[in-house]
Structures are given as C-alpha cells and as structure tokens.
There are 2 protein chains.
Amino acid sequence: MIQCEDHGLCISTAMEVADRICTEKRLKFTDLRKDMLRMIWDGHAPQKAYGLLSKLQVKNHSAKPATVYRSLDFLLENGFIHKVKSLNAFVGCSHPSKHDECYFLICDSCKEISECCDSNITSAIKATTKRNQFFVKNTTLEIAGHCNACSKRTE
Amino acid sequence: MIQCEDHGLCISTAMEVADRICTEKRLKFTDLRKDMLRMIWDGHAPQKAYGLLSKLQVKNHSAKPATVYRSLDFLLENGFIHKVKSLNAFVGCSHPSKHDECYFLICDSCKEISECCDSNITSAIKATTKRNQFFVKNTTLEIAGHCNACSKRTE
DNA sequence: GTTTATTTGTTATATTGTAACATCTGGTAT
DNA sequence: ATACCAGATGTTACAATATAACAAATAAAC
Ligand SMILES: [Zn+2]
Ligand SMILES: [Zn+2]
Ligand SMILES: [Zn+2]
Ligand SMILES: [Zn+2]
C-alpha cells in the first residue's frame with residue numbers, strides 16, 4: 001500500500017506540526033515525547049506499546065512501561081497519535097487539530113493504516129445517533145481488510 | 001436507558017436462537033457455553049472476561065482463563081456475542097446470523113450498549129472503502145457517549 | 001467397542017496497562 | 001539568589017487481559 005512518496009517527509013511534517021502545536025498550547029515537547037512520536041511514525045503501520053518500549057530502551061536504558069504509557073497519553077491527549085482499539089496499537093495522526101476522530105482502513109496483510117475520514121460517514125453516523133437520541137463523545141471506526149496493493153498481490 | 005421491557009425475554013430469546021442455530025449448524029451448545037452466553041446476557045452492559053470467569057467459578061470451581069476465552073471464541077465465531085474492542089468486553093448479539101457486523105452505541109454512564117446497525121452508515125462506509133479501493137473484511141464501529149436517559153439524568 | 005475428533009482441564013506464561021511514590025528539572029515569586 | 005511549585009520522569013510493584021501447550025475427558029463415527 002503506497003501511503004506516501006517520501007516517508008521522511010511524513011515524519012518531518014508530523015514532528016513540525018506537533019512542535020508548532022506544543023508551542024502554541026505551551027506544552028512541553030520533551031526529548032522523550034519527540035522520540036516516542038518519531039518511533040510511532042517509523043512507518044504507517046501501528047506500533048505496539050511494548051515494541052516502542054524496546055526501541056526506547058536502546059537509547060534510554062531506564063525506560064519502563066510507565067515511561068511509554070505516559071508519553072502515549074500525552075500524544076493521544078493532544079491528538080498527535082491515535083489508539084487503534086482493535087489492535088491495541090498506536091498510529092500517528094496525519095492532521096492533528098483538524099478533528100478529534102479518525103476513521104481507519106487497516107490492511108491485515110501489510111499492516112499499514114490510512115485515515116479515511118469522510119463527511120458522508122460522519123453525517124450518516126450523526127443521523128443514526130440523533131434518531132437514537134444518543135449524545136456522542138467519541139467514535140471509533142476501524143475498517144479491517146486488504147488494501148488494493150495487497151489484494152492484487154495475493155491474486 | 002430502557003433497552004427492554006422484559007429482560008428475561010431478551011435472555012430466553014437469545015438462548016433459544018443460539019440453540020436453534022447450533023442445532024442447524026451441528027454445533028455443540030454445551031452447558032459451559034450456555035452458562036457463558038447466559039452470563040453475558042445478564043444485562044445490556046458488556047461483560048469482561050475475568051468478571052465472567054469469577055461468576056463461572058462459583059458453579060465450576062475449576063474454571064480457568066482458557067475456559068472462558070475458549071467459550072468466548074466459540075460464541076464470537078458463531079455470532080452469538082460481539083467483542084467491544086474499545087472496552088475489551090463482550091456483549092450479546094440481538095440478532096445472530098442476520099449480519100456479521102454490528103454498530104454500537106455505548107453509554108459511558110449506565111454502561112448499556114445498544115446496536116445501531118444502519119444501512120445508511122453501511123453504504124457510506126462502502127462508498128468510502130470503494131473510493132479507497134479497500135476490500136473490507138470486518139468493520140468496527142463503536143460510538144461512545146451518553147444515552148438519552150442518562151443525559152437527562154445529569155442535567 | 002474401538003477409533004477419532006472435539007471439548008474441557010491444567011499449568012504456565014505472554015501481553016497490555018496502572019498505581020503509587022520518589023526524584024529531577026525548569027520556571028516563578030520573594 | 002533561593003525557596004517554592006508544577007510538571008515530567010524514574011522506579012517499583014502489580015493489575016488486567018489474553019494465549020500456548022499438552023493432558024484428560026467426552027461425544028461422534030465407524
Ligand atoms: Zn509516509
Ligand atoms: Zn496492504
Ligand atoms: Zn433486555
Ligand atoms: Zn445510559
């Protein structure tokens with residue numbers, strides 16, 4: 001699944017956006033948090049917490065689960081990453097501060113995740129919740145299957 | 001959130017439907033599996049695996065995590081229950097064999113879950129996945145918030 | 001009745017996530 | 001400057017969720 005032409009650009013953009021938002025919101029974008037965000041942006045596949053811990057421990061021998069989960073909490077709270085609930089894993093957000101919620105396409109084969117935020121889905125969900133008189137706080141939409149590239153590959 | 005007028009009826013219907021499907025499909029609806037399904041249908045709130053284990057151990061002193069997870073696997077595979085991924089919990093399916101996927105409304109306050117399967121949402125998702133040339137295997141849609149009853153209560 | 005497949009029992013362990021308290025660090029007020 | 005404070009990180013311990021592997025029991029098929 002070709003997600004990007006130049007993944008170095010994905011990473012640097014994500015880092016810059018996060019840096020800018022942290023400056024604006026007077027948040028501390030510490031080295032640890034930067035390292036975590038960069039590691040999560042290693043690719044477009046979701047990263048697992050204990051995998052991130054292992055990578056982190058290469059640089060930072062004293063890293064512990066709490067180290068990782070606290071950084072993840074920070075990154076989640078500020079919208080720099082998302083938690084993929086069906087995988088218990090974490091993925092970078094392509095456009096933090098643009099919206100709270102993301103819809104995901106998750107390729108079971110190449111593991112890559114892409115966002116598929118779409119206003120038609122949003123309005124269909126809104127209509128349903130309104131009909132049910134339900135007040136939405138948070139929506140999780142995770143669509144698993146095969147991306148185009150992978151489905152061609154297996155044919 | 002009033003989900004049902006007579007929850008005894010929810011339970012007995014769910015048990016009968018499961019029983020019928022098992023007969024049709026030549027599946028073994030053992031006592032353990034019946035107990036598990038009944039426990040999951042204790043209410044309309046999701047049940048956690050280790051909570052079910054505790055309840056199970058009252059009757060079956062030798063029950064272990066594997067006991068529970070194997071039964072859950074059976075019930076999931078055959079569509080009698082769903083896993084709520086955002087909660088790591090399990091909820092009974094109101095209409096097994098009608099569809100593979102369910103959309104859920106999850107009240108953070110009273111914890112009750114209702115299904116909100118809706119063809120408009122389905123077609124909006126289908127349009128998006130088609131546009132992305134993505135081949136869907138499984139869709140997770142979990143909408144958290146407050147049900148009407150609970151949101152009135154807190155006003 | 002013996003074989004076979006499925007289910008359940010049992011033990012052990014892997015994976016994911018938090019709680020609680022100590023220490024450090026960088027900014028604020030006196 | 002220095003005492004203070006808040007936020008971040010270190011550290012230890014543990015809770016919660018889930019699976020692997022193999023043995024024993026049970027039910028189905030022959
Ligand atoms: Zn990229
Ligand atoms: Zn793929
Ligand atoms: Zn009911
Ligand atoms: Zn409610």
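Computed over heavy atoms, backbone and side chain alike; hydrogens, waters and symmetry mates excluded. Lettering of chains follows the sequences in order, A, B, ..., and the numbering in each one begins at 1.
Residues A:R38 and A:I11 share a closest heavy-atom pair of CG-CG2, 3.9 Å. A pairwise comparison of heavy atoms in B:I125 and A:L141 identifies CD1-CD1, 4.0 Å as the closest pair.
Using a 4.0 Å heavy-atom cutoff across all strands shown, B:N60 reaches sugar-phosphate atoms only and no base atom. Base contact: B:R70 has a heavy atom under 4.0 Å from a base atom. Using a 4.0 Å heavy-atom cutoff across all strands shown, B:A63 reaches no nucleic acid atom at all.
Nucleotide C:dA14 holds its C1' atom 11 Å from the NZ atom of A:K48, rounded to whole Å. Nucleotide D:dA18 holds its C1' atom 10 Å from the CG atom of B:D73, rounded to whole Å. The distance between atom CD of A:Q57 and atom P of D:dG10, rounded to the nearest whole Å, is 11 Å. Per the geometry, CG belonging to B:L27 stands 12 Å off P belonging to D:dA28, to the nearest Å. Separating the CE atom of A:M36 from the P atom of D:dT9 is a distance of 11 Å, rounded to the nearest angstrom. As rounded to whole Å, 13 Å separates atom P of D:dT11 from atom CG of A:L53. A straight line from NZ of A:K25 to C1' of D:dG7 spans 16 Å, rounded to a whole angstrom. At whole-Å resolution of the value, CG in B:L32 and P in D:dA24 are 20 Å apart.
Closest to the side chain of A:Y50, out of C:dT8, C:dG17, D:dT11, is C:dG17. Relative to the side chain of A:R33, the nucleotides D:dA8, C:dT6, D:dA18 differ in distance, and D:dA8 lies closest. Considering only side-chain atoms of B:T67, the nucleotide from C:dT11, C:dG9, D:dT11 that sits closest is C:dG9.
Residue B:S62 has no polar side-chain atom (N or O) positioned under 4.0 Å from OP1 or OP2 of C:dT8. Distances shown here put every side-chain N or O of A:N88 at or beyond 4.0 Å from the OP1 or OP2 atom of C:dT15. Between A:K64 and C:dT16 there is no side-chain N or O to OP1 or OP2 distance below 4.0 Å.
Ion pairing of B:D42 with B:K55 is present here, as a side-chain N (NZ or NE/NH1/NH2) and a carboxylate O approach within less than 4.0 Å. Under a 4.0 Å N-O distance rule, the pair A:R20/A:E16 does not qualify as a salt bridge. At a threshold of 4.0 Å, the pair B:R70-B:D73 does not count as salt-bridged, since none of the basic side-chain nitrogens sits closer than that to a carboxylate oxygen.
Judged by centroid separation below 5.5 Å and plane tilt below 30°, B:Y69 does not stack onto the base of D:dT19.
Mapping B:T30 and A:F90 onto DNA chain C by nearest heavy atom places B:T30 closer to the 5' end of the strand. A residue-by-residue look at A:S71 and A:P65 shows that A:S71 has its nearest nucleotide of DNA chain D further toward the 5' end.
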